[in-house]
Amino acid sequence: MPRLEDFLRRLKGRVKIYCEIKQADAGRVVDMLDGFAFGNDVFVSSFSADIRDDLRRIAPDIRRNVQLHIAGSLEQAIHHEQAHIFEFLEENVTRDAIHEAKARGLETMIFIDTPNAELFAKLVEWQIDYVNLDYAALFRAVQQEVMLRLDGAAQTI
């Protein structure tokens, strides 16, 4: 079974890392991430309230992601969870919610597990920061189409 250390070693400098901690010692995970000096190229999340509490306590500077359905509200994400990234699901994402989170200083993310090209186009238009999905090729094709359309519209103004 591959180890997280081996995986991180291969990725350093190539991509940003989203580390969702399902069950682990949060301190050991943070130490491992720090050892690779990812800096702002990494953010962490967990569905476990205990792990999120540990992360806030032991690594206050590490960027944290929290899902709307976990935090309950944008206010809770900011004040209690001390999130840096606010994550939506397909059923709770709106343009206004993304813009409100951004206006409050958070980056935005969505988890989407369907090949919903119509929503992909909206997410590009709404300028969501991160997408967590299984349909990367479709998303990239839609993204390119939307960006070309927006670029063409900007040039006609």
Visitor: Are the side chains of Val124 and Met147 in contact, using a 4.5 Å heavy-atom criterion?
Guide: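 Touching, per the 4.5 Å side-chain cut-off.
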Visitor: If you count heavy atoms of other groups shown closer than 6.0 angstrom to CD of Gln127, is the number above 12?
Guide: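 No, CD of Gln127 has 12 or fewer neighbouring heavy atoms, counting only those of other groups under 6.0 Å.
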Visitor: Output, in order, the C-alpha distance, side-chain angles, deciding distance and verdict of side chain to side chain contact (heavy atoms under 4.5 Å, CB included) for Leu89 and Leu68.
Guide: CA-CA 8 Å; Leu89 299 174; Leu68 170 57; over 6 Å; no
Visitor: Report yes if the side chains of Tyr18 and Val42 come closer than 4.5 Å at any heavy-atom pair, otherwise no.
Guide: no
Visitor: Closest heavy-atom contact between Val29 and Ala24?
Guide: CG2-CB, 3.9 Å
Visitor: Taking the basic N atoms (NZ, or NE/NH1/NH2) and the acidic carboxylate oxygens, is any pair closer than 4.0 Å for Arg28 and Asp31?
Guide: no
Visitor: Give a yes or no on whether Glu118 atom CD has more than 12 heavy-atom contacts from other residues, nucleotides or ligands under 6.0 Å away.
Guide: no
Visitor: I want to check something: taking the side chain as every heavy atom from C-beta on, are Val93 and Lys122 in contact at a cut-off of under 4.5 Å?
Guide: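 Result no, sub-4.5 Å side-chain heavy-atom pair not found.
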Visitor: Can you measure from CG (Leu106) to CD (Glu87) and round to the nearest 0.5 angstrom?
Guide: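 Result: 12.5 Å between the selected atoms.
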Visitor: Please walk me through it: do Ile112 and Thr114 pass side chain to side chain contact (heavy atoms under 4.5 Å, CB included)?
Guide: CA-CA 6 Å; Ile112 182 168; Thr114 62; 4.0 Å; yes
Visitor: Can Phe47 be reached from Phe86 by stepping across I, L, V, M, F, W or Y side chains whose heavy atoms are under 4.5 Å apart?
Guide: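 Same cluster.
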Visitor: Check Glu81 with Arg64, please: is the shortest side-chain N to carboxylate O separation under 4.0 Å?
Guide: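 No, no charged N to carboxylate O under 4.0 Å.
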Visitor: Crowded around Arg57 CZ? As in, over 12 foreign heavy atoms under 6.0 Å?
Guide: yes
Visitor: Can you find a pair of side-chain heavy atoms, one from Glu75 and one from His80, that are under 4.5 Å apart?
Guide: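 Glu75 vs His80: side chains apart.
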Visitor: Please tabulate, one pair per line, all N/O donor-acceptor pairs under 3.5 Å involving side-chain atoms of residues 132-145, not counting sequence neighbours.
Guide:
unit_1, atom_1, unit_2, atom_2, d
Arg140, NH1, Gln143, OE1, 2.7

Visitor: Between Glu100 and Arg95, does any NZ, NE, NH1 or NH2 come within less than 4.0 Å of an OD or OE carboxylate oxygen?
Guide: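 Here Arg95 does not pair with Glu100 in a salt bridge, since their nearest N and O are not under 4.0 Å apart.
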Visitor: Measuring only between side-chain heavy atoms, which start at C-beta, is Asp25 closer than 4.5 Å to Asp54?
Guide: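 Not touching, per the 4.5 Å side-chain cut-off.
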Visitor: Please name the pair of heavy atoms, one in Ile21 and one in Ser46, separated by the smallest distance, quoted to 0.1 Å.
Guide: O-OG, 2.7 Å
Visitor: Are Phe43 and Ile70 co-members of a hydrophobic cluster defined by side-chain heavy atoms under 4.5 Å apart?
Guide: no
Visitor: Stepwise, does the side chain to side chain contact (heavy atoms under 4.5 Å, CB included) test hold for Phe88 with His69?
Guide: CA-CA 8 Å; Phe88 299 93; His69 67 280; over 6 Å; no
Visitor: Taking all atoms of both residues into account, what is the closest heavy-atom pair of Ile110 and Leu123, and its distance?
Guide: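 Between these two residues, the closest heavy atoms are CG2-CD1, 3.7 Å.
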Visitor: Before you tell me yes or no, could you show the steps for Arg63 and Ile85 under side chain to side chain contact (heavy atoms under 4.5 Å, CB included), namely the whole-Å CA-CA distance, both residues' side-chain angles and the distance that decides it to 0.1 Å?
Guide: CA-CA 8 Å; Arg63 292 167 15 112; Ile85 301 165; 3.6 Å; yes
Visitor: If you round to the nearest 0.5 Å, how far is CG of Leu33 from CD1 of Ile62?
Guide: 5.0 Å
Visitor: Treating Ile, Leu, Val, Met, Phe, Trp and Tyr as nodes and any side-chain heavy-atom pair under 4.5 angstrom as an edge, say whether Trp126 and Tyr130 lie in one connected cluster.
Guide: no
Visitor: Do Leu74 and Ile98 belong together in a cluster built from hydrophobic side chains that touch within less than 4.5 Å?
Guide: yes
Visitor: Taking the side chain as every heavy atom from C-beta outward, state whether Phe111 and Met109 have any pair of such atoms under 4.5 Å apart.
Guide: no
Visitor: Just verifying a value: how many Å separate Ile128 CD1 and Glu125 CD, rounded to the nearest 0.5 Å?
Guide: 13.0 Å
Visitor: Under 3.5 Å, is there a donor on one side chain and an acceptor on the other for Gln67 and Ser45?
Guide: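 Distance-only check passes for Gln67 and Ser45.
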Visitor: Ignoring hydrogens, what is the shortest heavy-atom contact between Ala101 and Thr108? Give both atom names and the distance.
Guide: CB-CG2, 3.8 Å
Visitor: Can you name the closest pair of heavy atoms from Ala26 and Ile58 and give their distance?
Guide: C-CD1, 3.8 Å
Visitor: Check whether more than 12 heavy atoms from other residues, nucleotides or ligands sit under 6.0 Å from atom CD of Gln23, and answer yes or no.
Guide: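 It does not: Gln23 CD has 12 such atoms or fewer within range.
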Visitor: Can a salt bridge be assigned to the pair Lys102 and Glu107 using a cut-off of 4.0 Å between side-chain N and carboxylate O?
Guide: no
Visitor: Could you state the interatomic distance from NE2 (His99) to OG1 (Thr94), rounded to the nearest 0.5 Å?
Guide: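 Between atom NE2 of His99 and atom OG1 of Thr94 there are 9.5 Å.
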Visitor: Quick check: do Val44 and Asn65 have side-chain heavy atoms less than 4.5 Å from each other?
Guide: no
